[in-house]
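Let me begin by presenting the structure, written as C-alpha cells, before commenting on it.
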Amino acid sequence: MNKAIVTRIKILRQQITLANRDYYQDDAPTLSDAEYDALLQELQTLEAQYPQARTEASPSQTVGAAPSKQFAPLQHWSPMRSLANAFSEQEVLDFIQRMKKLTSDDQIAFSGELKLDGLAVNLFYRQGKLIAAATRGDGESGENILANIRTLATVPQQITHRADPLEVRGEVVMTYADFNALNEKQQANGKKLFANPRNAAAGSLRQLDSAITAQRPLQFYPHGIGVGAESLATKALSHSAAMEWLSTQGFTPAAPRCRSTDAQQLLAYYAQMQTHRSDLAFSIDGIVYKVDDIALQKKIGNVARAPRFAIAYKFSAEIVTTVVEAIDLQIGRTGVLTPVARLKPATVGGVVVANATLHNIELIAEKDVRVGDYVEIRRAGDVIPEVLRSIRDKRPAGATPWQPPTQCPSCQSQLRRDGRATRCDNRHCPQRLYTQMQHFVSRNAMDIDGIGGILLEKLFAAGYLHTAADLYQLNKEQLLSLTLIAEVSADNILGAIDASRQTTLARLLFALGIAQVGENAAAQLAQFFGTLDNLMQAPAAVYAFIRDIGSETAASLMHFFADPDNQQLIIALQQELKWQETFPPAHSRHYPLAHFFSALALFKNYVAEREKAALPQGLGKRASAQLIAAFASLNELQQADCEQLTTALSGNRTLAEQVHRFFNTAYYRDLLLFLQQLGFIWNNDTTAEDTRALAGKTVVITGTLAGLTRTEAKKIITAAGGTVTGSISSNTDYLLAGENAGSKLQKANALGVAVLSQQELEALLRT
Ligand code: IVH
C-alpha cells in the first residue's frame with residue numbers, strides 16, 4: 001500500500017466524518033447524496049482492496065456522526081422501555097397473580113435478576129458486528145456513543161451469531177473499587193469528585209474524547225435483547241436462556257440470577273440479595289422479575305413506558321440521622337410552597353445530602369420538626385431526599401416550634417390553604433415566575449442552554465422577562481447590558497433560544513408547567529390529541545380515554561387552558577415557536593365496543609355535575625355486555641331508538657331511555673364527534689387492522705426536506721406505521737425525495753420504486 005493511497009483513505013475518512021457531522025448533528029448537509037455516496041463508495045472500494053487499512057473506527061463501519069464531537073441522536077430499532085416499580089412483597093405477589101391471570105397459566109415461570117444501578121445502553125449488531133451503541137435517551141432514540149462503548153472490554157465487537165439485526169441491551173456500571181480509585185485520582189489532580197458510581201459511569205460514558213473513556217474502568221452487563229430475539233435458537237426463547245446464550249457470545253450477564261414458578265422462592269431471592277447487597281462489586285437498587293418466556297412477554301405487552309411483563313422490586317432506602325440547620329420555603333411553578341430543611345451535610349446511599357424536602361407546611365407541624373432537631377432522612381434512588389421524623393430525645397433545649405408563614409416570602413401576598421398544600425395565588429409572584437421560567441428552559445422542556453440561575457434573576461430584575469414568550473424577544477444589547485455576559489456567550493444564548501423554536505408538542509406541553517402534567521403525561525397528551533387546538537377544545541370526558549390522565553390532571557388542564565393569561569401566552573408562543581402537529585393523531589384507533597364502555601364507566605370522574613346527570617344510571621357490566629352483544633358498532637348504538645334499546649336490554653325500558661337520552665345529550669353528542677375526529681372507531685369487528693397511512697411500508701429518505709430534519713421526518717413516518725431504511729432496494733415502497741436528491745432517486749427510478757415529494761407525503765398522511 002503506497003503512501004498516496006494511505007493519504008487518500010485518510011482524506012476520504014475525514015471528508016465523510018465531517019459530512020456525517022454536518023448531516024446528523026447539525027442537520028445541515030454540506031454534500032448532496034450523490035457526492036456523499038461517491039466518497040463512501042470510493043472509501044469502501046479502497047478498504048476492500050487494502051484490508052490492512054480497515055479499522056473499526058472508519059466511517060464506513062459506523063453509522064451516524066463521529067461520536068467524538070457532540071453525540072448524534074440514534075434511533076433504537078425497537079423502543080427501550082423503563083420498568084414499573086414495586087416497593088412491597090404484596091406488590092410483587094400482585095404482579096405474579098396478574099401475570100398468571102393474563103396468561104391463564106398457573107405454572108408460569110419468572111426470572112429474577114439484579115437491578116443494576118447504572119446507565120442503560122443499547123448495542124446494535126449487524127451480521128455479528130457491533131455497528132452502533134446508544135444511550136437510552138427518551139426510549140425512542142438516544143445518543144450515539146459507539147466510540148466510547150468500543151473502549152469497554154466487556155462489550156464484544158464481534159459475535160459469532162450472524163442473524164441480523166440484533167440489539168443487546170444492558171447496563172454500564174462502575175464497580176465500587178474502581179469508583180473509589182477514580183475519585184482518589186480526581187482528588188489528587190484537584191478535579192471534581194463524582195457523587196456515586198452511577199454518576200461516574202455516566203460522566204465517563206459521555207466523554208467527548210473516547211481516549212478518556214478508555215481510561216475509565218466500565219463494565220457492561222446485558223439484561224435483555226431488543227430486536228432479534230426470534231433469531232436465537234428455539235431453546236433460547238426464554239429470558240434466562242437468552243442470558244445463557246449471551247455468555248456464549250462473549251457477554252457477562254450479572255449473577256446471581258434465579259428462575260422459578262414459585263412466588264416464595266422469588267421473594268427469597270430478593271431477601272438474599274438485599275442481605276448480600278454490600279458484598280457485590282457494584283451497586284444494585286433492587287431485583288427485576290420478568291416473565292421468562294419471551295413469546296409470553298410479547299403477548300403480555302407494554303403499558304405506556306414500561307413492559308407489563310416485568311417489575312422492579314426496589315430495595316428500601318438507607319436512613320441516616322443529621323441536624324436541621326434551617327427551614328426554608330420554595331415556591332414551585334404552580335405556586336405551591338414546599339418547605340425544605342437545610343441540613344448538616346450527611347452521606348446517604350453514597351451521596352452527600354444537604355437539603356431534604358419536608359413536603360408541605362402542614363406536615364412540619366404534624367411531625368413537629370424544629371430548627372436544631374436531629375432528624376432521620378432518607379433518599380431512595382433519584383428521588384429527592386426527605387425528612388422522615390425528628391428525634392425527640394435529642395432535641396436541644398430551647399428549640400421552638402416552627403411558625404408557618406401567613407404571607408408569601410417572595411411577594412408578601414396572603415397565602416391560601418388548598419388541601420394539604422399552601423399556595424401563593426399571585427400569578428406575578430417573582431419567585432413563582434422564576435421557578436416557572438427555570439422549568440420552561442430546562443433540559444427536558446424547551447432545552448435552552450445557558451439561561452438559568454443568576455442570569456434568569458437579572459433578566460427578571462431588569463424587566464426583560466414577564467412571560468416565557470418574552471424569552472424569544474430578547475436581544476443582544478439587553479443581554480450585554482446585564483454586565484454578566486461576554487459577547488460570545490450572548491450569541492450562544494441567543495442561538496440556544498433560537499434553536500428551541502423548533503420543538504415538539506410534547507415538550508411545549510411539559511414546558512408550560514401545567515400542574516400535574518409531567519413529561520410522561522405531556523407525551524401522552526401530544527400523542528392523543530396531535531394538535532394543541534384539539535387539546536384546548538377537548539371536553540373533559542375525553543380524558544377518560546387517556547390511560548394515564550386521571551381526573552385531577554384533567555381538571556388541571558381544563559383550568560389551565562380556561563385562564564385568559566394562559567391563552568394569551570399560548571398565542572404569543574404560537575408566533576414564536578414551531579412545533580410539529582399531527583392531525584389526525586397518527587395511530588390506529590380502531591377499538592372493540594367494550595373499550596368505549598370501560599371509558600364510559602369513568603366519565604363520572606371527569607365531567608361536571610350537569611353532565612353527570614345525563615349519564616345512564618345502572619349501566620353496569622351486565623347491561624353493557626347486552627348492548628355490546630346487540631349492536632355491531634357505536635354508530636349503530638348511537639342511532640338506536642328506545643324500542644331497539646329496550647329489546648337489547650331485555651326489557652329494561654327505564655335504562656333504555658337513559659341510554660337513549662345519553663346519546664342524544666348535546667354534550668355527549670359533541671364528545672363523540674370530537675372523538676371521531678381524533679380517529680376513534682368502535683365496533684365489534686375484532687380484527688383491528690392497522691389503518692395508518694404508511695402501515696407496513698418501507699420508506700427511504702433522500703435530499704433536503706423543507707422545514708423538517710431527517711429525524712423529524714423519520715418520526716412522522718414511523719408514527720404513521722412506516723419503517724425508514726437507509727438504502728433503496730426492490731423491497732422499498734417509497735422514496736421520499738426532497739431538494740437536490742441524488743443517486744438514490746436514480747436508483748429508485750431504475751427499480752421502479754414509487755417516488756414521493758414532500759407534498760405528496762403530507763397529502764398521503766392526511767388521508
Ligand atoms: S429490563 C424491558 N433488567 O432499570 C425492560 N432493566 O428502571 C427494561 N435496569 O432502563 C429493562 N437492571 O436501565 C432490566 N436486570 C435488569 C436491569 C434493568 C437495571 C435498568 C434499565 C432500565 C431501568 C428501569
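Since this is a predicted model, take the numbers as computed values, not measurements. Whatever order the structure lists them in is the order used to number ligands and atoms, beginning at 1.
Among all protein heavy atoms, the one lying closest to atom 13 (O) of ligand 1 is E171 OE1, 2.7 Å. Ranking protein heavy atoms by distance to atom 22 (C) of ligand 1, first place goes to R81 O, 4.4 Å. Summary of contacts: the protein heavy atom closest to atom 12 (N) of ligand 1 is L116 N, 3.0 Å. The single protein non-hydrogen atom nearest to atom 4 (O) of ligand 1 is K115 NZ, 3.1 Å, given as residue, atom name and distance. Remark: minimum distance from atom 11 (C) of ligand 1 to any protein heavy atom is reached at H223 CE1, 4.0 Å. Protein heavy atom in closest approach to atom 24 (C) of ligand 1: L83 N, 3.6 Å.
Counting heavy-atom neighbours within 6.0 Å of D105 CG, excluding the residue itself, gives a total above 12.
When the options Q297, M243, K290 are ranked by their closest heavy atom to atom 1 (S) of ligand 1, first place goes to K290.
Aromatic ring orientation, Y221 versus F282: tilted (interplanar angle from 30° to 60°). A perpendicular orientation is assigned to the rings of Y125 and F251, their planes being inclined by more than 60° (bins at 30° and 60°).
The shortest N or O to N or O distance between F309 and ligand 1 is not under 3.5 Å. Considering backbone and side-chain atoms together, E113 places an N or O closer than 3.5 Å to an N or O of ligand 1. The shortest N/O to N/O separation between P307 and ligand 1 does not fall below 3.5 Å.
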Quiz item: Y313 and F95: ring-ring contact (aromatic ring centres under 6.0 Å, His included), yes or no, with the steps?
Solution: CA-CA 10 Å; Y313 184 10; F95 163 76; over 10 Å; no

| request: Check the pair R206, E143 against salt bridge (charged side-chain N to carboxylate O under 4.0 Å, His left out), reporting the backbone distance first and the verdict last. | output: CA-CA 9 Å; R206 296 193 74 259; E143 289 176 316; 2.8 Å; yes

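Distances below 4.0 Å separate heavy atoms of R136 from the following atoms of ligand 1: 10 (O). Within the listing of ligand 1, atoms 12 (N), 15 (N), 16 (C) sit less than 4.0 angstrom from a heavy atom of L114.
Side-chain N/O atoms of N180 and E184 include no donor and acceptor closer than 3.5 Å.
Of the candidates R98, Q90, Q97, Q90 is the only one forming a side-chain hydrogen bond (donor to acceptor under 3.5 Å, both in side chains) with D94.
When heavy-atom distances to ligand 1 are checked against a 4.0 Å cut-off, D117 has no atom that comes that close, whether in backbone or side chain.
Note: H439 and F510 meet the aromatic proximity criterion, with ring centroids under 6.0 Å apart.
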